[in-house]
Amino acid sequence: MNDDLLRRMPKVELHRHLEGAFRPEWLLEIAQENGIPLPASNTESLRPYVQVTAQDRSLLDFLGKFSVIGQVFTSPLVIERLTFKVIEEAARENIHYIELRFDPCYMSLCRGIPMPLVAEAILSGRDRAKGRYPKTQVRFIVILQRQLGTVMGEKALQIALAYQDQGFVGVDLAGDEVNVPPEPFAGLFSRAERAGFGITLHAGEARGSESVRAAIETCNAQRIGHGVRITEDPSLRELIRERGIPLEICVTSNIQTGASRTYEEHPIRSFYESGIQVTVSTDDPGVSGIDLTHEYGVLKDKLCFTAKDLQKMNLAAAEAAFLPLSEKTALKESLELEYRKYSQ
Ligand code: HPA
Ligand code: ZN
């Protein structure tokens, strides 16, 4: 299983942030074309402002990169282009289905683009990409940002509701898990769930089991973003296994934020072996300096996952997708068909 085979393997990804998918090269190009000032004028000197370095160790260091990235959100066209490029990259890695998440408040507040125009620009980028890369299906998850509070959370939920029939399928809670618990957002998640959205929350990344338990018990999370730190609580770990709550695991991001010390010590292997529903994603490929194929390479080389294991995790991701049953079944069938060819 060489890198080329890994790149061509049909994939499903459930956890990728649009804002965190910006490559430093794209940021520079867009900034130069639009006369937007950035703290550096070539890729190498811009890199430490927008990508994790060896000095960064925590979730808050990681999230700090978004203040410079936010400078380029000066017009809806930037967002349209970003969305197109992210889907283009996904198609080149043979991703058959991807859920892209974004925070409409952040994208709007950075440079003042009205929130509905943020959503419209994302959909235009998606439509342009669909013409070029019809094999890659795309859905969107709207993020409520912990540190922006529930008033902004309400605004994000309104965007999710307004565009629900255009491929907005889920609602997430992201941001500063250290200082902001999920409980105040419970009412917003309950409304999102009643409206038919899939619910996923970032939890168990910068905090331990109490944060994951609250995500499940007070916000009714159907999936958990990361969840790495459930290792600290065997009873919670058992609950996640028993209820089949899928984890959206992003190994490199987990190391960069300090949720796991090394690749070798990452609990993904033990989760997988104990029957927890494990799925693999990139989180913020631009900020992390990776792509999904890189993550598969790490799983193969450092954690001894085989092609069969990776395929099984993709089928688990398809099963956990925020799609109606018939579309989920069709996705799983198309993957299985290609996996049979792939193994011949
Ligand atoms: N955790 C919380 N918020 C985020 C992340 C993350 O990994 N990436 C982008 N926003
Ligand atoms: Zn994330």
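From a predicted model like this one, the values you see are computed outputs, not experimental measurements. For reference, positions follow the sequence shown, starting with 1. In listed order, ligands and their atoms are each counted from 1.
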Fill in: Under-4.0 Å salt bridge between Glu29 and Arg81
yes

Discussion item. For atom 4 (C) of ligand 1, what's the nearest protein heavy-atom neighbour? Residue, atom name and distance, please.
Written reply: Leu63 CD2, 3.5 Å

Worksheet item: Do Glu238 and Ser235 meet the criterion of a side-chain donor-acceptor pair at a distance under 3.5 Å?
Response: no

Worksheet item: Is any side-chain heavy atom of Asp56 closer than 4.5 Å to a side-chain heavy atom of Gln256?
Response: no

Discussion item. Ser253 versus ligand 1: do any nitrogen or oxygen atoms come within less than 3.5 Å of each other?
Written reply: no

Worksheet item: Hey, is ligand 1 close enough to Gly175 that some N/O pair sits below 3.5 Å?
Response: yes

Item to complete: Can you sort out which atoms of ligand 1 are near Ala174, meaning under 4.0 Å from one of its heavy atoms?
Response: 3 (N)

Practice prompt. Starting from atom 9 (C) of ligand 1, locate the nearest protein heavy atom and write down its residue, its atom name and how far away it is, to 0.1 Å.
Written response: His17 CE1, 3.3 Å

Worksheet item: With the Zn ion (ligand 2) as the point of reference, which N/O/S atom of His15 is the closest?
Response: NE2

Worksheet entry | Under 2.8 Å: N/O/S of Asp283 next to the Zn ion (ligand 2) | yes

Worksheet entry | N-O pairing of Arg139 and Glu327 below 4.0 Å | yes

Practice prompt. Give the contacting part of Leu59 toward ligand 1: side chain, backbone, both or neither, where contact means a heavy-atom distance below 4.0 Å.
Written response: side chain

Worksheet item: Would a line drawn from the ring center of Phe102 to the ring center of Phe168 be shorter than 6.0 Å?
Response: yes

Worksheet item: When you measure from atom 8 (N) of ligand 1 to every protein heavy atom, which one gives the shortest distance, and what is it?
Response: Asp284 OD2, 2.8 Å

Worksheet item: Any N/O/S atom of His202 sitting less than 2.8 Å from the Zn ion (ligand 2), backbone or side chain?
Response: yes

Discussion item. If the threshold is 4.0 Å, N to carboxylate O, is there a salt bridge linking Glu88 and Lys85?
Written reply: no

Discussion item. Below 4.0 Å, non-hydrogen atoms only: which portion of Val287 touches ligand 1? Side chain, backbone, both or neither.
Written reply: neither

Worksheet item: What protein heavy atom sits nearest atom 1 (N) of ligand 1, and how far away is it?
Response: Glu205 OE1, 2.7 Å

Fill in: Sub-3.5 Å N/O-N/O distance, His226 and ligand 1
yes

Fill in: Min side-chain heavy-atom separation Leu292-Lys11 under 4.5 Å
yes

Worksheet item: Is there an N/O/S atom in Cys250 at a distance below 2.8 Å from the Zn ion (ligand 2)?
Response: no

Discussion item. By the definition side chain to side chain donor-acceptor pair (under 3.5 Å), identify the one residue from Glu93, Glu13, Glu295 that meets it with Thr282.
Written reply: Glu13

Fill in: Residue-ligand contact Gly20/ligand 1, heavy atom below 4.0 Å
no

Discussion item. Check Arg7 with Asp291, please: is the shortest side-chain N to carboxylate O separation under 4.0 Å?
Written reply: yes

Worksheet item: Any Lys/Arg nitrogen of Arg237 or Glu232 sitting under 4.0 Å from an Asp/Glu carboxylate oxygen of the other?
Response: no

